[in-house]
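This report refers to the structure that appears directly beneath it.
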Amino acid sequence: MCGIAGLAGADAARHEQTVGAMGATQAHRGPDGTMHAAAMDGRAVLAMNTLLIVDPQAMPGPYLDRETGALLAFNGEIYNYRQQASAWGIPLGHRETDAHFVLRAWAKIGPSCLDGLDGMFALAVYDPRAGQLFLARDRLGEKPLYWRLDGGRLAFASEVTTLTGYGPSPLVLRPEVLAIETPVGVDTPFQGIQLLAPATVLTFDVATCSLDQHTYWSLADRQPFTGTYREALANFSVVLAEQIPLRAPACDFALLLSGGLDSSVLAYLLRPPVCVTVRYRGQDRLDESQIATRIASDIGAELVVVEPDATDFTKVLPHMMSALDYPMGNASTFSEYMAYRKIADLGLKVVVGGLGPDEFLMGYVRHSLVLFGPDAVITAGLDAYKPLAAKLIHAAGEDLDSAEAVTRLALRGPDPDRRIRDLIAAAIERANGDLARGLTLADLATAWRPLVMTTDKLASAYALERRSPFLARELVELSYRLPVDHKIDHPTEGKRILRDAAKALGLPREVWGSRDKLGFASPVPAWLNGQLAEWADAQINTALAEAPAALRPLLEGGLKPGGRFDRTRMQALMAAAWFRDQTVRAAA
């Protein structure tokens, strides 16, 4: 991953050293060079941490278009840049990459060039012709970008802690953190700092200090697919076979191979040289390494097995939380962190993972609970999910409306102002009567942000570029457009169309016929109520002694034991580690 940071304002050039320091704070994101440059008119300074993937011999950024004076800092990958360069008549010279293409395209046609880009990115362009700074993020928010406006200057960075070092930013405990373990929308736990929303362009006019934001893409606007299932499967299979390989890097890379459907499909389509899986001794229910071994053997890849234990968790928690910037709800955080650490030790620069199909093709049990009801799910054999299903049992025996059902399954704490309920209801309403699409939009409004942020931040901590091929624009849009029965036609068989495509690809029955999703789940919640209980209590109590009042409810909740679907204790422990990290940063 690369990183970007910068400052725009009438006197920006006077603060060039400050921007240089901001870039240095994120240097781990770009080990191939951290540099900064001032715009020709002195009203913007941009920094870039460069990780060279497309061309290892290319020059580090930021990049200047000498004809127009436009200056670019870029983080991400544009997978179709060569095709778009040809289509738009933009020549690319020797050692010029996707970042150079984006700069030329922006200088030529402005923000409208974003419509043609298929990739993951966060970028900043300063155009002296208009005296404006532009910030933009990819459609699904794979790459983070934070910003703040202070004293007529706009500052931005890939990591929120870079901006907390730029100026005072008191901690704020957002109510939704207690409700669903993560901020939503554009909020952060720092006053005055916002996350730029996905698929959004922010324009800052240096002369007037005015801001404008607009969305350049909306998934909800896609029209429904009207063909038969056979036609849909043929179309889906073609898009899958065309789009996934486009996201394979030219260099050696590793695949996160859980043994589940999504990562196994990637294995067959990408043929990675190295696969990495995570296994926990004594945790047979979480162990899919046998299937991973078979998949790796089928494609001729080396399989690397990572086996973390409870002691590893206690040792890496501080660095893991420092990398995340702030607590995020994600059951697989520890497993993912340990996998990235191993991949970095192998000397690789790119890691690929299977994020996406669960959200767009109804892959979670919570989707089945809403679409089919708790009785049907339990009767179908998913007895282990009875505690989750119990959330949908209404005391009066009345049916819950869809928004209430989704909210009950999403909540992990109090929602007194009904903020999460209203957010989910609005998402379902945007789907115009299609509940499956509504569930996808609700996921994107709640659980999606910590998933994509975690993958980026943890990988970047080890100077890795994380790619998620299932998030190809064409594949995402097609998946969203499909009728619900194309995605799931039985409580235990979500991702129907992907399963059938996997079957046609020749994947083993154990993969496409599996009924329970595991992924990289970890036993951390069980450890915190067992062998690490005393240690966890000590960590939380130490933070409680100094924590501000706003943070205390989150920490106090973690002193109570929880069940399988309760991550309150884990969230409190992460908050304690985060608070200690913030205290150390403030004292430095």
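Every value quoted in this text rests on a predicted model; they were computed, and no experiment measured them. Every heavy atom of this structure was used, including side-chain atoms; hydrogens, water molecules and symmetry mates were not.
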Can a donor-acceptor pair be found between the side chains of [X] and [Y] at a distance below 3.5 Å?
X    : Y    : answer
R139 : Y216 : no
Y326 : Q582 : no
D55  : T97  : no

Is there side-chain contact between [X] and [Y], with at least one heavy-atom pair below 4.5 Å?
X    : Y    : value
E465 : E77  : yes
D262 : K495 : yes
F360 : L475 : no

Scan the side chains in residues 535-542 for donor-acceptor partners under 3.5 Å anywhere in the protein, sequence neighbours excluded, and list what turns up.
residue: D537; atom: OD1; partner: R569; partner atom: NH1; Å: 3.0
residue: D537; atom: OD1; partner: R569; partner atom: NH2; Å: 3.0
residue: Q539; atom: OE1; partner: R580; partner atom: NH2; Å: 2.8
residue: N541; atom: ND2; partner: D537; partner atom: O; Å: 3.0
residue: T542; atom: OG1; partner: A538; partner atom: O; Å: 2.8

Would a distance-only check, ignoring hydrogens and angles, find a side-chain to backbone donor-acceptor pair under 3.5 Å from [X] to [Y]?
X    : Y    : answer
Y63  : M59  : yes
T277 : L257 : yes
R419 : A179 : no
D312 : D309 : yes
T455 : V452 : yes
S263 : S258 : yes
T568 : G558 : no
T200 : P198 : yes
Q26  : E159 : yes
D98  : V54  : no

Which atom names give the shortest non-hydrogen contact between [X] and [Y], and what distance separates them?
X    : Y    : value
V102 : I78  : CG2-CG1, 3.9 Å
M574 : T333 : CE-CG2, 4.5 Å
L303 : A296 : CB-CB, 3.9 Å
Y79  : G119 : CD1-CA, 3.7 Å
L464 : L51  : C-CD2, 4.1 Å
L441 : A427 : CD1-O, 3.5 Å

Approximate separation, where rounding is to 0.5 Å, of [X] [atom1] and [Y] [atom2]:
X    : Y    : atom1 : atom2 : answer
F470 : D358 : CZ    : CG    : 9.5 Å
L7   : M22  : CG    : CE    : 6.5 Å
L145 : L202 : CG    : CG    : 8.5 Å
T188 : L163 : OG1   : CG    : 9.0 Å
L348 : K342 : CG    : NZ    : 11.0 Å
M48  : L46  : CE    : CG    : 10.5 Å

Checklist entry - Can you tell which of L255, L266, V350, L270 makes a side chain to side chain contact (heavy atoms under 4.5 Å, CB included) with R467? => result V350
Next on the checklist: Is there a ring pair (Phe, Tyr, Trp, His ring centres under 6.0 Å) between H319 and Y337? Walk through the geometry before answering.
Outcome noted: CA-CA 10 Å; H319 182 242; Y337 175 93; 5.7 Å; yes
Checklist entry - Can you check side chain to side chain contact (heavy atoms under 4.5 Å, CB included) on L133 and T203, steps first, answer last? => result CA-CA 6 Å; L133 174 75; T203 305; over 6 Å; no
Are [X] and [Y] close enough for a salt bridge, meaning some N to O gap below 4.0 Å?
X    : Y    : result
D456 : K143 : yes
D443 : R366 : yes
K457 : D325 : yes
D32  : K349 : yes
R247 : D118 : yes

Checklist entry - Can you list the steps and then say if L195 with R137 is a side chain to side chain contact (heavy atoms under 4.5 Å, CB included)? => result CA-CA 10 Å; L195 175 70; R137 282 181 82 200; 3.7 Å; yes
Item to check | Residues Y166, R153; criterion side chain to side chain contact (heavy atoms under 4.5 Å, CB included); working and verdict | outcome: CA-CA 11 Å; Y166 171 75; R153 304 185 198 97; 4.0 Å; yes
Checklist entry - Looking at the rings of W147 and F204, which for Trp means the six-membered one, are their centres under 6.0 Å apart? => result no
Item to check | is_close_aromatic(F334, F313), centroid dist under 6.0 Å | outcome: yes
Item to check | Evaluation steps, side chain to side chain contact (heavy atoms under 4.5 Å, CB included), between E142 and S468 | outcome: CA-CA 9 Å; E142 292 184 71; S468 300; 3.9 Å; yes
Item to check | Aromatic ring pairing Y280/W527, orientation class (parallel under 30°, perpendicular over 60°, tilted between) | outcome: perpendicular
